[in-house]
2 protein chains.
Amino acid sequence: MAINLSIRVLRAFVVLADCRHFTRAAARCHLSQSAFSQLIRRLEEEAGTALFNRNTRNVALTAEGELLADSARRLLADIESSFAELKDRTACRKGRVAVAALPSLAADTMPRVFAACRRRFPGVALELFDGLSDRCLELVRQGRVDFALTAPGSRLAEFDSRLLLSDSFHLVCHRDHPLASKRRAGMQDLAGCELIHFARTSSVRQHLEPALADVPVLHSGFEVEHLATVAGLVANGLGVSVVPALTLFQFRRPELVAIPVDVPALVRPILFVQRKGIALSPPAAAMVKMIEAMLPVRRAARQRARSEAGRAATPRGR
Amino acid sequence: MAINLSIRVLRAFVVLADCRHFTRAAARCHLSQSAFSQLIRRLEEEAGTALFNRNTRNVALTAEGELLADSARRLLADIESSFAELKDRTACRKGRVAVAALPSLAADTMPRVFAACRRRFPGVALELFDGLSDRCLELVRQGRVDFALTAPGSRLAEFDSRLLLSDSFHLVCHRDHPLASKRRAGMQDLAGCELIHFARTSSVRQHLEPALADVPVLHSGFEVEHLATVAGLVANGLGVSVVPALTLFQFRRPELVAIPVDVPALVRPILFVQRKGIALSPPAAAMVKMIEAMLPVRRAARQRARSEAGRAATPRGR
DNA sequence: GTCAATTACGTTCTCCGTAAGGATG
DNA sequence: CATCCTTACGGAGAACGTAATTGAC
């Protein structure tokens, strides 16, 4: 009673309806003519009626065959377009990738990733959300983004996550500051400096706090949210700050100097986070691959930044 | 590359998409859960992408799965309605039967067949064409009718035909006519009678001609086309006629008498004719079965007519 | 520890191809 | 009698079920 056709059978049926010749239709379907004959017979059994009037000389659709042929043609077109759509998505010719990232990554790394992605997969729509780690995780939780690049946040165990890179910290100060000539800095070097703090909610602050526990820094009274503000304050000699390497692009001004902080424990882990047990969509997976491929470059860039740090954080050509 | 799904697989996919539980979906598809799992895996291979995010605890569609599920639901509905339409036709719930028949059959036999057919297959549209045998055959040739009930005509070899019944002849005359009291008649009884002829094109005339070759009948001067005219002429004592049993319904008047003609060679074959090598549509085949089932009834009716013939051809109720 | 999906493996069954058969023009 | 569809039959591969395995909560 239940219908159990295969698409192959429907296609073979339509081919025979078109060329009205078993031998030729069989050849066109890459089947022996005998197999083709059996296939049509089975189809007719399933349909419960003859679909072709045929003898050894002529083959023509019956009225029922005409009816089914119309449906079959429509169905095949529909099936094929549906699968074409699916293939377009798996081949990243269509689709959408939404990413949440920390402001630092959203401002520098992700635009470069997106640019490469747009070049390679022009049909894929790209979306970016920038926010602190809790906001990033919330977007992942809601399924509004495919994945997030963020620091560890609350309830991280709800997600699948893995370490993408370990972001080191740099001391940034005015080039006229006493520390500006150093090639490397330790936490104790900050003793007596006026430190510009980040808001307590930021992951940077949360990483710095323990490391600064026993360093007698002077509190500048500034506790800002945006890196650009930090840069402005430091550039005007109102204090120094300690920022992750990934944010250094904000500090590439002639009057500023960035010095790597040599405290192995002081690193900000950047995680790749996605919903637990959810496979990435093909374009999202492709983007992740691109991000990972760009990571060595970034590491090299970090090395370059480190070696440049002795002089000044000069703006990179772009 | 080419798609080779079966409907079963699509249906299984939709079932799983609906109930998001392999074991239950497998049961609903009457498959072992293992077979079901493999089936989904094969589908995903064919689709080229994961369709479900799943672990041992949760099953949910991926974005690609959602896409395919939408298509699949639509496709299944389409396929099922197409096949339902086909089943309706094979089950004679829908369809059309067109028949060509000689005027005698079209006026009496076919209406009764059609009435029975309409009762039994109310969804089937019925069409009737009445015409002489060449016209009937032409309609069959053009495919405008499914079959014809007719006398042998020109180029009969072009068709598939078989004898449906042999129509005997009756002498019809006014009840005051000298022959009216006979129970049976031979050709020689017509000697000296005024005979009302049919048009030369009619099959009746063509059958009578040879049998009358050596009978010295008087020619009435009438040569008409319609049986009702013959009946009118005979009823008014303007002559006698010899007509096939199937036309006797035209002569059921109190003033008329019908007497069977006992000439074995004088029969008019009524053929079932269809296009060569063309299968009948299901409702047409059903109608043919009904016609054949009604034939014994007709034979019985003919017997009844014969036994009534001694008295008068009294009108049957209706 | 239990429930559920996957994997392994032997069996069954479908489907194909070769070859013989039969019908038609 | 040549062409072309159908039937017969044996083999290859797909699909199924049982049972063991893995994984999640």
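Throughout, protein chains are lettered first and strands after them, A, B, ... in sequence-line order, and every chain is numbered starting at 1.
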Residue pair T90(A) / T49(B), side-chain donor-acceptor N/O under 3.5 Å: no
With a cut-off of 3.5 Å and sequence neighbours excluded, list every side-chain donor-acceptor pair involving residues 22-39 of chain B.
{"unit_1": "S32(B)", "atom_1": "OG", "unit_2": "A35(B)", "atom_2": "N", "d": "3.0"}
{"unit_1": "S34(B)", "atom_1": "OG", "unit_2": "Q38(B)", "atom_2": "NE2", "d": "3.3"}

Positions of residues 14-23 of chain A (non-hydrogen atom under 4.0 Å from DNA chain D), listed by number: H21(A), F22(A), T23(A)
Side-chain N or O of R24(A) closer than 4.0 Å to phosphate OP1/OP2 of dC4(D): no
Base dT6(C) paired with R41(B) side chain (donor-acceptor, <3.5 Å): no
Contact pattern, 5' to 3', of nucleotides 11-22 of chain D - B, S or - by protein heavy atom under 4.0 Å: ----SBBBB---
Ring centres under 6.0 angstrom apart (F159(A), F147(A)): no
Phosphate-side-chain proximity, N55(B) and dA5(C), N/O vs OP1/OP2 below 4.0 Å: no
Selection residues 130-140 of chain B - residue pairs positive for salt bridge (Lys or Arg N to Asp or Glu O under 4.0 Å), sequence neighbours left out: E138(B)-R141(B)
R42(A): side chain to side chain donor-acceptor pair (under 3.5 Å) partners, not counting sequence neighbours: none
Ionic contact status for E44(B) with R54(B), cut-off 4.0 Å: yes
Residue-phosphate contact under 4.0 Å: S37(A) side-chain N/O, dC5(D) OP1/OP2: no
Between the first and last five pairs of the helix from dG1(C)-dC25(D) to dG25(C)-dC1(D), the angle of the axes, rounded to 10 degrees: 30°
